Amino acid sequence: MTLPRATLRTLSVGATSLFLENHSTYHLQLHPSPFKFPRVTSFGIRITSGSCDGLACLYSTFLTYVINPATRWYRKVPESRCQARVKALLERDFVAIKARQVPQIKLFPSLGFGKDNITGVYKLVWLCSSTYLNGDNQNNNTCEVFSFDSNNNTWNEVVVSCPDPVIHNMSPVHAHGSLHWLIDSLLETQLLSFDLHTETFTVVTNLPVAYSTIHHITMFTLNNRLCLSEYEGEIQTIWSFNQDNMTWDNTYSINLRSTFSCMEFEYLCAVPPITPLSDDRFLLYDFSHCEEKLVLYNYRLNSFSKFFKVPFSSPGISYYQSLVTL
């Protein structure tokens with residue numbers, strides 16, 4: 001039996017340029033899905049929103065791998081309770097669909113990957129909200145943590161102090177030794193931060209995007225800072241968190257309508273930057289349905305240019321090559 005494979009594509013990013021001729025494609029061998037029903041999907045294989053010391057994480061409803069794209073090393077992680085719960089819901093939904101009933105599962109949660117800045121231990125974190133997972137009106141947040149230390153190969157539960165649901169279709173972001181989720185609060189958009197050392201949660205309020213429409217917001221890291229971006233009309237504003245004085249700085253303002261040589265699309269969401277270059281440019285991920293997926297943007301000249309036309313099944317992430325293994 002041929003095992004399914006996930007294809008990863010890497011590009012070489014220089015200080016001021018990107019080289020298409022240096023990209024490479026390779027295959028990571030995976031185990032088959034354990035689903036009894038062939039038509040039950042697994043929401044596909046996804047990648048965590050960022051890398052950490054040259055490592056990234058591939059995951060789905062039925063598998064989790066930490067990988068090093070530079071060396072092609074990988075390590076399989078045991079199944080979490082969250083994944084087992086999603087699999088059970090998917091199998092139940094398959095039976096419901098056959099009986100012409102409404103399926104229960106809504107949105108699959110996103111996995112977080114980061115590093116404890118004090119001990120240097122890498123960790124995976126599932127944070128699951130029942131409101132987004134199966135439409136539960138009385139939300140229940142559950143959290144599981146997997147630590148890559150020498151004596152551990154299990155997921156451990158952590159108490160979540162926040163009653164509001166986290167947004168499942170927006171991946172958590174690793175920055176400043178913590179993982180960060182956006183909270184779906186009735187009054188304003190808030191941030192839920194999980195300290196990877198103390199394994200405790202903190203709710204952050206008074207965000208610069210607190211009253212923006214949630215699908216107009218995106219979260220990412222840029223220049224080693226946690227960033228929030230909101231899209232309003234033709235302008236996308238990027239705010240970065242200044243950890244020294246605990247404030248949000250208005251860092252960039254992008255006019256998405258200034259040039260349509262490559263972005264001929266009515267954007268409904270903020271465009272997430274992937275990585276900066278040292279010559280006043282950074283790489284944007286264009287999630288429209290056209291072929292152009294990676295776009296170079298010069299924030300000094302406020303100009304765009306096409307870059308890479310091969311479609312991606314998910315947004316790209318930046319990483320620095322390393323020899324790190326776990």
Side-chain angles (χ1 to χ4, degrees), residues 1-8 27-52 55-69 72-96 103-116 121-134 136 140-160 165-166 168-169 171-172 174 179 181 194 196 199 313-314 325-326:
M1 180 180 64
T2 302
L3 295 179
R5 300 179 176 214
T7 301
L8 301 177
H27 300 277
L28 178 70
Q29 200 166 43
L30 305 170
H31 294 290
S33 168
F35 284 128
K36 299 176 182 178
F37 307 110
R39 293 185 182 180
V40 175
T41 63
S42 61
F43 288 88
I45 295 173
R46 303 160 69 180
I47 191 166
T48 47
S49 63
S51 63
C52 189
L55 300 174
C57 183
L58 293 176
Y59 69 99
S60 72
T61 54
F62 61 91
L63 58 86
T64 305
Y65 280 91
V66 175
I67 63 171
N68 185 323
R72 298 176 186 174
W73 167 91
Y74 62 90
R75 172 178 168 179
K76 189 175 186 293
V77 177
E79 181 182 75
S80 67
R81 298 177 188 85
C82 176
Q83 288 169 303
R85 181 182 177 189
V86 171
K87 282 198 303 184
L89 287 172
L90 283 171
E91 292 194 1
R92 186 165 59 186
D93 278 358
F94 179 77
V95 175
Q104 185 179 20
I105 195 166
K106 304 299 181 183
L107 286 173
F108 181 51
S110 299
L111 181 63
F113 177 50
K115 179 181 178 182
D116 179 343
V121 174
Y122 300 89
K123 297 183 180 183
L124 293 168
V125 180
W126 282 111
L127 183 53
C128 180
S129 296
S130 60
T131 295
Y132 277 95
L133 185 60
N134 55 20
D136 185 4
N140 179 40
N141 291 325
T142 56
C143 178
E144 296 175 74
V145 178
F146 186 91
S147 299
F148 289 94
D149 53 39
S150 58
N151 299 317
N152 183 65
N153 198 40
T154 59
W155 291 87
N156 299 310
E157 291 189 7
V158 175
V159 176
V160 185
V166 296
H168 275 194
N169 59 344
S171 298
H174 174 237
L179 283 167
W181 288 260
F194 180 71
L196 290 168
E199 296 192 355
S313 59
S314 61
T325 59
L326 302 178

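Only this structure's heavy atoms are used, side chains among them; waters, hydrogens and symmetry mates stay out. On a predicted model such as this, the values are computed, not experimentally measured, just so you know.
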Determine whether [X] and [Y] make a side-chain contact, defined as any pair of heavy atoms from C-beta on separated by less than 4.5 Å.
{"X": "S80", "Y": "F146", "answer": "no"}
{"X": "K123", "Y": "K115", "answer": "no"}
{"X": "E199", "Y": "F194", "answer": "yes"}
{"X": "V145", "Y": "S147", "answer": "yes"}
{"X": "S129", "Y": "P109", "answer": "no"}
{"X": "W155", "Y": "L124", "answer": "yes"}
{"X": "Q83", "Y": "T61", "answer": "no"}
{"X": "F113", "Y": "H174", "answer": "no"}

Which pair of heavy atoms, one from [X] and one from [Y], lies closest together, and at what distance?
{"X": "L111", "Y": "C57", "result": "CD2-SG, 3.6 Å"}
{"X": "C143", "Y": "V160", "result": "CB-CG2, 3.5 Å"}
{"X": "P172", "Y": "G112", "result": "CG-CA, 3.6 Å"}

Using a 3.5 Å distance criterion without hydrogens, assess whether the side chain of E144 forms a donor-acceptor pair with backbone atoms of V125.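 A pair under 3.5 Å: no.
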
Can you tell me if W181 uses its side chain to pair, donor with acceptor, with the backbone of S171 under 3.5 Å?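 No, the answer is negative, given that no donor and acceptor are paired below the 3.5 Å cut-off.
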
Passing candidate, side chain to side chain contact (heavy atoms under 4.5 Å, CB included) with F148, options V66, L55, T325: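 That would be V66.
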
Does any donor atom in the side chain of E157 or T142 lie under 3.5 Å from an acceptor atom in the other side chain?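 Short answer, no.
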
Quick one: OG1 on T48 to CG on L58, what's the gap to the nearest 0.5 Å?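 The OG1 atom of T48 sits 7.5 Å away from the CG atom of L58.
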
Would you say the ring centroid of Y59 lies under 6.0 angstrom from that of W126?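 Under 6.0 Å, so yes.
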
What verdict does the side chain to side chain donor-acceptor pair (under 3.5 Å) test give for S110 and R46, after you've listed the backbone C-alpha separation in whole Å, the side-chain angles of each residue and the deciding distance to 0.1 Å? CA-CA 9 Å; S110 299; R46 303 160 69 180; 2.8 Å; yes

Yes or no on side chain to side chain contact (heavy atoms under 4.5 Å, CB included) for I67 and W73, after CA distance, side-chain angles and deciding distance? CA-CA 6 Å; I67 63 171; W73 167 91; 5.7 Å; no

